[in-house]
Amino acid sequence: MTTLNGMALVLSAGAAYMDLKYTRVDNLWILIWAAAGTAVRFHNAGPPVWISVFAGMFFPFIFLLPFFYLRMIGAGDIKVLMAFGCMTGLRDILYGVLFSFLIGAVLAAVIFLIYGGFRQRLLYCLNYTKEYLQSGQKKPYLRDGVQSESLHMTYPIFLAVLLWIGGIYTVF
């Protein structure tokens, strides 16, 4: 395991723990790991790595901004992916985001199988989209309170980091 692998593991595991315990991820936690990951990459590769660091950091922000605008994903989730992108660069954060969403979809399917309610959630999503398109008013996608169907994205992010550490991204 490389230093960056270990750092990404601690970042994502700590974020998932905070999200589970406090339903938020501390900004200082994310900032420390983003800075540390950037420093290690700079130490290993020198100044040319800045382009890769910035590309890896800004892709999750730009790509996930519409989901954040519609309140379908939290700011902490995006910031954790941005910190992970500082450690990986653009290519691997592309796969990191992709695998996070794929894992999230699988976990959501499991939650629906356990708790039921797939039809109600699908109708909720369609009605939400319809209301937004008709009114132009954004409102939080999530209902108030912790719902049985709620899925914090820090968990799929953590699992995607494990896949990255295991070398799965390099297969593609």
Side-chain angles (χ1 to χ4, degrees), residues 8 11-35 37-38 53-161 163-164 169:
L11 162 73
S12 61
Y17 172 77
M18 284 181 215
D19 205 7
L20 176 66
K21 186 161 175 121
Y22 307 110
T23 64
R24 65 179 306 276
V25 181
D26 190 311
N27 287 333
L28 183 60
W29 177 260
I30 297 168
L31 181 63
I32 288 169
W33 289 107
T38 300
V53 168
F54 284 122
M57 181 175 63
F58 285 113
F59 170 76
F61 175 76
I62 292 166
F63 180 73
L64 297 172
L65 195 59
F67 297 101
F68 175 72
Y69 176 77
L70 295 173
R71 297 187 180 160
M72 295 176 155
I73 191 169
D77 304 320
I78 295 172
K79 290 182 275 188
V80 169
L81 284 167
M82 289 173 68
F84 183 44
C86 289
M87 296 176 191
T88 66
L90 181 59
R91 179 183 164 275
D92 285 350
I93 195 59
L94 287 167
Y95 285 115
V97 170
L98 172 70
F99 278 101
S100 294
F101 274 79
L102 289 175
I103 292 167
V106 170
L107 291 176
V110 169
I111 289 171
F112 284 130
L113 287 173
I114 292 171
Y115 292 102
F118 177 76
R119 184 174 186 274
Q120 292 85 356
R121 287 305 295 176
L122 182 60
L123 289 174
Y124 181 82
C125 180
L126 292 173
N127 285 333
Y128 175 87
T129 304
K130 179 182 170 186
E131 286 178 26
Y132 176 74
L133 293 174
Q134 288 176 346
S135 69
Q137 293 179 324
K138 70 174 185 168
K139 64 177 187 172
Y141 182 76
L142 295 175
R143 295 180 280 183
D144 289 337
V146 176
Q147 306 293 325
S148 61
E149 72 271 5
S150 293
L151 176 67
H152 296 266
M153 278 302 292
T154 52
Y155 313 147
I157 292 168
F158 170 68
L159 295 173
V161 167
L163 291 176
W164 177 69
Y169 297 8

Should [X] and [Y] count as side-chain neighbours, where that means a heavy-atom distance under 4.5 Å?
X      : Y      : value
Phe67  : Met153 : no
Met57  : Thr38  : no
Leu163 : Ile103 : yes
Val97  : Ile93  : yes
Tyr155 : Leu20  : yes

Considering all heavy atoms, the nearest [X]-[Y] contact:
X      : Y     : value
Gly96  : Phe84 : CA-CE2, 4.4 Å
Phe158 : Ser12 : CD1-OG, 3.4 Å
Phe68  : Gly74 : CD1-C, 4.1 Å
Ala15  : Val25 : O-CG2, 3.6 Å

Between [atom1] of [X] and [atom2] of [Y], what distance do you get to the nearest 0.5 Å?
X      : Y      : atom1 : atom2 : value
Lys79  : Asn27  : NZ    : CG    : 3.5 Å
His152 : Leu107 : NE2   : CG    : 12.5 Å
Leu28  : Leu31  : CG    : CG    : 6.5 Å
Trp164 : Ser100 : CH2   : OG    : 12.5 Å
Ile30  : Ile78  : CD1   : CD1   : 10.5 Å
Tyr132 : Tyr69  : OH    : OH    : 4.0 Å

Is the ring pair Tyr17/Tyr22 parallel, tilted or perpendicular, if the boundaries are 30 and 60 degrees?
perpendicular
Using the six-membered ring wherever Trp is involved, compare the ring planes of Phe54 and Phe58 and label them parallel, tilted or perpendicular (cut-offs 30° and 60°).
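Rings of Phe54 and Phe58: parallel, under 30°.
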Within the distance-only criterion (no hydrogens, no angle test), does the side chain of Asp92 pair as donor or acceptor with the backbone N or O of Gly89 below 3.5 angstrom?
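Answer holds: no.
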Looking only at atom types and distance, does a side-chain atom of Trp33 sit under 3.5 Å from a main-chain N or O of Ala8, one as donor and one as acceptor?
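No: the side chain of Trp33 does not pair with the backbone of Ala8.
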Identified side chain to side chain contact (heavy atoms under 4.5 Å, CB included) partner of Pro60 from the options Ile73, Val80, Leu81:
Leu81
